[in-house]
Amino acid sequence: YGWWSHDIGGHMLGYKDDEMTVRWVQLGIYSPIMRLHSSSSEFNGKEPWRYKKEAEMVMDHMLRERHRMIPYLYAMNYRSYCENKPLISPMYYNWQECNEAYEKKNQYLFGTSLMVAPITAPRIEKINMAKVQVWLPKGRWYDIYTGMIYDGDRILDLYRGIESIPVFASAGSILAFTDEISAVQAQKNPNSLHLMVYAGQNGEFELYEDDNVSCAYEERICCTTKMVYCEDEKPIFTIYPSAGNRDLIPQKRSYTVEMTGFENSGETVVVRKNGVGTDAQISYDRWKKAIVVEIPETETDAMIEVSLEHTASGARNDVVERCFDFLNQAEIEFVQKDRLYELIRSERPAAGILSELFAMDISRDLRGVLVEILTAQIV
């Protein structure tokens, strides 16, 4: 059963809970149909500005995020129409032989490229993080919001602040989003795309577009754009010329390409249009470990290649910095913060740091956050 929704925040009766509503919205944008809906009550409206400022800001961001992912959603829903594959599927659809795929019932796949683990528990007092237990299948996984990189084939306790829930892209994934998120912009195929490419293995994605209104898609009146990421010789991402009815899409588009999973090697980026070098603006997102390539407007019937010369994937999380950021916001004794930070900054082997953490008289969840950061990457 592929098409379903829920009344985010509750339809009637119940009570107001800002944090629960935020988590519900975060689940909602990763649902087949997203809607904030309620009975006619003066107090039960779901507009973000009716909640505390913290909740309002997160709800605002997540609702905009739903609009950003419309190109991906549209392609996935066309896939659902063509192949009878729902937008959401349980983990055991892909990993039938793994017991963990059946045990983690709140975890699911969202289209071909994303895995979602909603948070359904409140934040833990003093550490200001909520916890969810997640099974990561074998491979490399990227949290698209925190920028953390994880090695899979294990079960982990993950901790998140109010601003996000764990949403993962696997190595080789290509996400087609857009930064055009106004109501007017959302009614047409975008003039720009924000493409996120995750290193670690080869992958591909096909963007599907049509007139957004009629049933002409039943006659295959549409336009598709193939995108391929390959690491065989060097990391290279290719946007192929759009195929089909190009009148349905803009004649020119600009692109933001995030090549995620690399240390800063922006000077090695080469961008080609139809095999000829072309200008692009290069920057680096240190938190996401992403080389960001801004490609100005170019014809949609051109082939665009972004290659990373002499650059290999394999970025590492900034463990010390991430532990500092967590400890800095935690509401615990300063002496305890200093001791923990001194331990993490030490040049001791990871096993020694972990053994001392487990010997300390600290709360299980305070330890759990630090263990997550320290062991996210084990390869």
Side-chain angles (χ1 to χ4, degrees), residues 16-27 51-62 104 106-107 117-136 141-151 154-168 286-289 316-378:
K16 187 173 184 178
D17 185 315
D18 282 42
E19 184 178 0
M20 184 186 294
T21 301
V22 168
R23 296 305 191 191
W24 206 332
V25 170
Q26 291 167 336
L27 165 63
Y51 293 83
K52 297 184 185 74
K53 196 63 181 178
E54 177 190 57
E56 177 192 349
M57 292 175 65
V58 179
M59 291 170 68
D60 180 274
H61 172 73
M62 298 311 293
K104 301 305 173 189
N106 275 10
Q107 187 178 333
I119 288 178
T120 56
R123 283 174 289 183
I124 299 161
E125 188 178 5
K126 300 299 183 182
I127 70 170
N128 301 318
M129 298 275 183
K131 179 171 68 174
V132 59
Q133 192 171 90
V134 173
W135 172 58
L136 293 179
W141 297 88
Y142 299 82
D143 187 310
I144 70 172
Y145 293 117
T146 67
M148 283 278 285
I149 306 170
Y150 295 81
D151 294 319
R154 56 196 174 126
I155 295 173
L156 301 90
D157 286 335
L158 302 184
Y159 294 81
R160 295 293 182 271
I162 192 66
E163 61 278 355
S164 72
I165 59 174
V167 180
F168 294 98
R286 187 172 60 86
W287 203 242
K288 288 184 176 180
K289 301 295 182 184
R316 307 297 297 179
N317 294 320
D318 294 322
V319 170
V320 173
E321 185 175 356
R322 287 181 179 275
C323 287
F324 175 86
D325 287 346
F326 162 67
L327 290 170
N328 190 46
Q329 63 81 48
E331 298 173 3
I332 59 175
E333 294 81 0
F334 291 115
V335 171
Q336 192 174 62
K337 291 188 183 189
D338 289 334
R339 183 185 175 192
L340 289 167
Y341 189 51
E342 182 181 356
L343 172 63
I344 290 161
R345 292 175 64 193
S346 70
E347 296 181 359
R348 297 163 58 181
I353 295 175
L354 290 169
S355 66
E356 186 161 338
L357 276 177
F358 278 92
M360 284 183 175
D361 184 19
I362 59 177
S363 74
R364 175 180 177 179
D365 290 309
L366 172 57
R367 181 188 301 114
V369 178
L370 298 173
V371 169
E372 176 194 345
I373 298 170
L374 289 164
T375 65
Q377 291 176 291
I378 55 177

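Given the structure is predicted, the values throughout are model-derived calculations rather than measurements.
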Test log, rule side-chain contact (heavy atoms from CB on, under 4.5 Å), inputs Gln26 and Val167: CA-CA 10 Å; Gln26 291 167 336; Val167 180; over 6 Å; no
Using the rule given for side-chain contact (heavy atoms from CB on, under 4.5 Å), can you reason through Ile373 versus Ile344, listing the C-alpha separation, both sets of side-chain angles and the distance that settles it, and then say yes or no? CA-CA 11 Å; Ile373 298 170; Ile344 290 161; over 6 Å; no
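- Put simply, the side chain of Asp17 gets close to the backbone of Met20: a donor and an acceptor are under 3.5 Å apart.
- Residue Lys288 holds its NZ atom at 10.5 Å from OG1 of Thr146, rounded to the nearest 0.5 Å.
- Atom-to-atom distance recorded for Ile165:CD1 and Tyr145:OH is 7.5 Å, nearest 0.5 angstrom.
- With respect to the salt-bridge test (charged N to carboxylate O, under 4.0 angstrom), the residues Glu372 and Arg160 qualify.
- Applying the 6.0 Å contact sphere to NZ of Lys126 captures no more than 12 heavy atoms from other residues, nucleotides or ligands.
- Rounding to the nearest 0.5 Å gives a distance of 9.0 Å between OG1 of Thr120 and CG of Leu27.
- Contact of the Lys131 side chain with the Ile124 side chain is registered, since non-hydrogen atoms from C-beta on lie closer than 4.5 Å.
- Within the structure, ring-ring contact (aromatic ring centres under 6.0 Å, His included) contacts touching residues 341-367 (residues at least two apart or in different chains) are Phe324-Tyr341.
- Remark: the backbone N or O of Asn317 is paired with a side-chain donor or acceptor of Gln377 at under 3.5 angstrom.
- Between Asp18 and Glu56 the shortest side-chain heavy-atom distance does not fall below 4.5 Å.
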From CA spacing to verdict: side-chain contact (heavy atoms from CB on, under 4.5 Å), Met59, Thr21: CA-CA 9 Å; Met59 291 170 68; Thr21 301; 4.1 Å; yes
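- The backbone N or O of Met148 lies less than 3.5 Å from no partner atom in the side chain of Asp143, so there is not a single donor-acceptor pair.
- Atom-to-atom distance recorded for Leu156:CG and Asp151:CG is 9.5 Å, nearest 0.5 angstrom.
- The existence of a salt bridge linking Arg339 and Glu342 is excluded, since no basic side-chain nitrogen approaches an acidic carboxylate oxygen closer than 4.0 Å.
- Residues that satisfy the side-chain contact (heavy atoms from CB on, under 4.5 Å) test with Glu54, not counting sequence neighbours, are Arg123, Ile162.
- Taking all atoms of both residues into account, the shortest heavy-atom contact from Val134 to Ala117 is CG2-CB, 3.5 Å.
- Summarising the geometry of Arg154 relative to Ala376, their closest heavy-atom pair is NH2-O, 2.6 Å, with the distance given to 0.1 Å.
- Between the side chain of Arg367 and the backbone N or O of Leu357 there is at least one donor-acceptor pair closer than 3.5 Å.
- Taking the six-membered ring for Trp, Tyr150 and Phe168 have ring centres closer than 6.0 Å.
- Atom NZ in Lys337 sits 7.5 Å away from atom CD in Gln329 (nearest 0.5 Å).
- Residue Arg316 qualifies as enclosed at atom CZ: its count of foreign heavy atoms under 6.0 Å is above 12.
- Here the closest heavy-atom approach between residue Ala130 and residue Ala121 is recorded as CB-O, 3.5 Å.
- In the displayed structure, Arg348 atom CZ is contacted under 6.0 Å by more than 12 heavy atoms of other residues, nucleotides or ligands.
- The minimum heavy-atom distance between Ser164 and Ile119, with the atom names listed, is O-CD1, 4.2 Å.
- Atoms CG and CD1, from Leu366 and Ile332 in turn, are 5.0 Å apart once rounded to the nearest 0.5 Å.
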